[in-house]
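Residue numbers begin at 1 in each chain, while the letters A, B, ... track the order of the sequences.
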Protein chains: 2
Amino acid sequence: MRISARADYAVRAAAELAAADHDVPVRAEALATAQGIPYRFLEGILSDLRRDGLVTSQRGAGGGYRLGQPAERVTIADVIRAVDGPLVFVRGKRPSDLEYQGPAAPLLQVWVALRANVRTVLEQVTLADLVTDGLPTEIRDLVRADDAWANA
Amino acid sequence: MRISARADYAVRAAAELAAADHDVPVRAEALATAQGIPYRFLEGILSDLRRDGLVTSQRGAGGGYRLGQPAERVTIADVIRAVDGPLVFVRGKRPSDLEYQGPAAPLLQVWVALRANVRTVLEQVTLADLVTDGLPTEIRDLVRADDAWANA
DNA sequence: AGAGTATCCTATCAATCCGATAGGAACCAA
DNA sequence: TTGGTTCCTATCGGATTGATAGGATACTCT
């Protein structure tokens, strides 16, 4: 269960765009230096985000990138799906495409439940939540529970 | 967020062992054919499980593998960690080792919340739950919620 | 028109991981 | 001693990952 560098970079770049003034485009290099992301690598990521309409771009002098939708309506799941495809997949397949035999049969439901729980986090947090540091209370509760777990 | 083939195979083999009579060892090849797993590949996986004490092995004629602990006490998270390491990591690092700048700062909490929610699923389901098809009600609720989502 | 700027496209690259395979050594039971 | 089975090490092709490079395309401003 790993979050790829692409996904991590994409969310951070999107957060940077959400925090910027929407009237002026931000250059890819400005995003790269602000978040410590390799410039050329980020270009490919922004291309993915543009394909899904999450950002818009403008070429030429004074050009750059802007958020394509209101920050309140873009979730982290949207960003990750744009660069990495489906949120959760098992052995390269979607859970619904799997078949299990014998005592492993109920495992399919476990993967489905896992995906559901992943979605409750990633589809609930928006870019606006990030830039205003206003995460939903459900998320904050999960973080607190985890801290308690780590110190036990 | 992908579940590797190693993890999937490991859980299925462990489930097969949990379903078997604990008195007689099961050969790796029997596990492989029962679950459709490449035999040689499975051997390496079983070696990982043995290192963590999840299975015990016996060489020679009449040998094979047995569960190293009661099926009620082995969670899916235990199995996955044995073959893949930490459950959730971002860009190859644990969330606690990450540092985010500017508007991306709250992202760290999102990853922590995500990990917490992953744990609630994978640390709750045991091998015994799988073989008896007796998943916890919390898991069943998540599956139902996901079905509703898929049909919407 | 032209100069400058920035995205955009394609190609490449090394490293790593992944899934899978092979040979043979170690070990065990009968 | 014989046959069965785990166990160790090494290798392999292919895909993915993270990153880099060159140059084509498009836009703005002078």
TODO: Please work out which residues in residues 2-30 of chain A have a non-hydrogen atom less than 4.0 Å from an atom of DNA chain C and list them by number.
DONE: A:R27, A:A28
Open item on the list: One thing to verify: whether A:D48 and A:R6 come together as a salt bridge, which I'm taking to mean a side-chain N less than 4.0 angstrom from a carboxylate O.
Closed with: yes
TODO: Run the salt-bridge test on A:E99 and A:K93 with the 4.0 Å N-O cut-off and return the result as yes or no.
DONE: no
Contact check, side chains of [X] and [Y], non-hydrogen atoms, under 4.5 Å:
X      : Y      : answer
B:N117 : A:E138 : no
A:I76  : A:V121 : no
A:L54  : A:Q69  : yes
A:M1   : A:L114 : yes
B:V26  : B:E16  : no

- [ ] Check A:L49 against A:A82 and note the closest heavy-atom contact, atom names and distance.
- [x] CD2-CB, 3.9 Å
[X] [atom1] - [N] [atom2] separation (whole Å):
X     : N      : atom1 : atom2 : value
A:R66 : C:dT7  : CZ    : P     : 12 Å
B:F41 : D:dT11 : CZ    : P     : 19 Å
A:L42 : D:dT20 : CG    : C1'   : 14 Å
A:D48 : C:dT7  : CG    : P     : 15 Å
B:I37 : C:dA20 : CD1   : P     : 10 Å

Task: N or O in side chain of B:R40 less than 4.0 angstrom from D:dA10 OP1/OP2 - done: no
TODO: Compare side-chain N and O positions of A:R50 against OP1 and OP2 of C:dC9 and report whether any pair is under 4.0 Å apart.
DONE: yes
Open item on the list: Using a 4.0 Å heavy-atom cut-off, does B:R91 contact any base of the nucleic acid, only the sugar-phosphate backbone, or nothing at all?
Closed with: nothing
TODO: Would you indicate what B:Y39 reaches in the nucleic acid, counting non-hydrogen atoms under 4.0 angstrom: base, sugar-phosphate, or nothing?
DONE: base
Between protein and nucleotides 28-30 of chain C, what N or O pairs are separated by less than 3.5 Å?
from: C:dA29; atom 1: OP1; to: B:Q58; atom 2: NE2; distance (Å): 3.4

- [ ] Assign each of B:S47 and A:E43 to its nearest nucleotide of DNA chain D by heavy atoms, then name whichever residue's nucleotide is nearer the 5' end.
- [x] B:S47
